[in-house]
Amino acid sequence: MKKYRILWYVMTAIYTVWMLDFMRYNTYTVANTLLEKEMYPSKLIYYVWVIVSVSIFFIYPEFIQRIYYAKKLTKANKIFNIITLVIGCVYITAYGFLKNPLEYTASMMGLFYPWLFKLWCVFSGISIFTNTLYMYRKNSYENTAGIFCASIGCAALFVTVNVPSAGEDLVMTLQCLSHWSTALIFAVLGAAGIVIFLVHKCMEKDKRYISLTVAFVGVLALMLVLLVTVGKNGLIENLPMWAAYIVLFLINFTALFDAEKGKMYIKTKA
């Protein structure tokens with residue numbers, strides 16, 4: 001547990017310094033004329049968001065402690081994780097239809113609804129992260145790389161929502177590169193935390209997981225093909241998120257992928 005706390009405390013310190021010293025107040029209001037209105041109407045609101053977002057960083061290691069290192073998964077663990085999963089899936093879906101998803105991505109909608117986009121960050125990050133932890137713990141699977149990937153991915157997402165998209169006409173700007181690269185880090189590392197577990201199960205020659213892995217990777221491949229052939233839009237962007245939610249739901253909350261009895265052991269020493 002110590003290594004995960006250190007990771008999150010280091011990322012929290014970096015994020016805090018970045019928000020207070022580099023970002024400061026309304027850094028991108030003038031630079032990004034696509035914003036419908038100022039992201040932060042006052043300095044007070046900005047600093048309240050800094051406090052709230054930094055506090056969220058401190059919650060993540062507690063998720064690891066209480067889910068991944070739980071001595072025994074309880075009904076409360078299950079209820080909490082299914083609630084976060086449902087809220088995350090419902091929210092990103094509803095958010096994606098605030099405007100025509102064939103024209104607007106989540107980032108583009110963030111220019112019109114910056115605070116709703118911040119909630120998108122919070123709900124999607126927490127729901128994927130906690131349910132990945134639950135999947136590991138339920139199946140007695142230990143993998144430091146998987147937890148590190150999921151952790152770094154969720155932290156990167158906070159850069160994505162704090163640096164608004166600059167639009168396709170300003171792709172090669174530091175602002176746009178920061179926004180898109182951190183969004184990509186979240187997508188890749190968030191998926192990696194799930195894929196690492198699926199590959200492990202495939203190596204055990206479990207046909208259920210082989211089929212699930214092929215389907216999940218197939219969706220990711222389909223997204224890439226659609227990005228190249230059709231172009232970027234909200235529906236295509238949400239495909240891997242919806243696929244991740246389905247995979248996590250099937251493994252965590254259905255009997256289809258229950259582990260065999262006698263194999264439920266994980267180190268609980270923090």
Side-chain angles (χ1 to χ4, degrees), residues 1-8 11 60-74 77-78 80-82 84-85 88-89 124-157 184-224 239-270:
M1 182 63 213
K2 184 178 180 180
K3 56 191 173 186
Y4 301 123
R5 287 196 181 277
I6 291 174
L7 172 65
W8 271 104
M11 293 192 296
Y60 274 90
E62 296 307 314
F63 288 146
I64 300 174
Q65 177 74 65
R66 297 175 184 277
I67 300 174
Y68 184 65
Y69 281 105
K71 292 183 178 180
K72 180 181 179 181
L73 288 179
T74 63
N77 288 129
K78 183 176 182 178
F80 173 79
N81 281 281
I82 197 168
T84 61
L85 191 73
C89 186
S124 60
I126 288 177
S127 58
I128 295 294
F129 187 77
T130 58
N131 278 275
T132 298
L133 294 175
Y134 189 84
M135 177 177 66
Y136 281 27
R137 179 62 187 87
K138 180 181 178 182
N139 291 274
S140 303
Y141 179 62
E142 297 181 76
N143 189 289
T144 299
I147 306 300
F148 267 64
C149 283
S151 296
I152 295 171
C154 288
L157 194 54
L184 183 62
I185 289 172
F186 167 69
V188 172
L189 296 186
I194 298 173
V195 171
I196 286 172
F197 172 80
L198 293 176
V199 170
H200 165 74
K201 285 296 185 180
C202 287
M203 292 175 66
E204 295 180 347
K205 298 181 179 180
D206 189 320
K207 294 181 179 179
R208 301 169 302 170
Y209 280 98
I210 292 174
S211 299
L212 188 63
T213 303
V214 170
F216 185 55
V217 173
V219 171
L220 300 182
L222 175 62
M223 181 198 69
L224 294 176
L239 277 178
M241 290 290 288
W242 286 327
Y245 282 124
I246 291 172
V247 167
L248 290 170
F249 175 77
L250 290 174
I251 295 174
N252 289 347
F253 307 112
T254 73
L256 295 173
F257 297 90
D258 279 350
E260 296 178 15
K261 293 182 178 180
K263 293 187 177 182
M264 296 298 292
Y265 170 78
I266 190 170
K267 294 178 181 178
T268 57
K269 184 179 179 180

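Throughout, numbering of the chain's residues begins at 1 and tracks the sequence. It should be emphasised that the depicted structure is a prediction, and the values quoted were computed from it without experimental measurement.
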To the nearest 0.5 Å, how far apart are [atom1] in [X] and [atom2] in [Y]?
X    : Y    : atom1 : atom2 : value
L7   : I152 : CG    : CD1   : 5.5 Å
R208 : T213 : CZ    : OG1   : 11.5 Å
L85  : I126 : CG    : CD1   : 13.0 Å
I67  : F129 : CD1   : CZ    : 8.0 Å
I64  : E62  : CD1   : CD    : 9.5 Å
N77  : I82  : CG    : CD1   : 13.0 Å

Side-chain contact test, heavy atoms from C-beta onward, threshold under 4.5 Å: evaluate it for [X] versus [Y] and give yes or no.
X    : Y    : value
R5   : Q65  : yes
L248 : I128 : yes
Y68  : E142 : yes
K138 : D258 : yes
N139 : M135 : yes
C154 : W8   : yes
R137 : L73  : yes
S127 : Y245 : yes

Legend entry - Passing option when N131 is tested against I194, V247, T84 for side chain to side chain contact (heavy atoms under 4.5 Å, CB included):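 Single pass found, and it is T84.
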Inset, instruction - Show your reasoning for whether side chain to side chain contact (heavy atoms under 4.5 Å, CB included) applies to S151 and M11. - result: CA-CA 9 Å; S151 296; M11 293 192 296; 4.2 Å; yes
Legend entry - Parallel, tilted or perpendicular: rings of F253 and Y134 (30°, 60°):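 Answer is parallel, since the angle falls under 30°.
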Inset, instruction - Give me the ring orientation class for F63 and F80: parallel if the planes are under 30° apart, tilted from 30 to 60°, perpendicular past 60°. - result: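 Geometry flag for F80 against F63: tilted rings.
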Legend entry - Step-by-step side chain to side chain contact (heavy atoms under 4.5 Å, CB included) determination, L250 to L212: CA-CA 9 Å; L250 290 174; L212 188 63; 4.0 Å; yes
Legend entry - Trace of the side chain to side chain contact (heavy atoms under 4.5 Å, CB included) decision for F197 with I251: CA-CA 11 Å; F197 172 80; I251 295 174; 4.0 Å; yes
Inset, instruction - Any chance you could lay out the side chain to side chain contact (heavy atoms under 4.5 Å, CB included) test for F257 and D206, step after step, and finish with the verdict? - result: CA-CA 10 Å; F257 297 90; D206 189 320; 5.9 Å; no
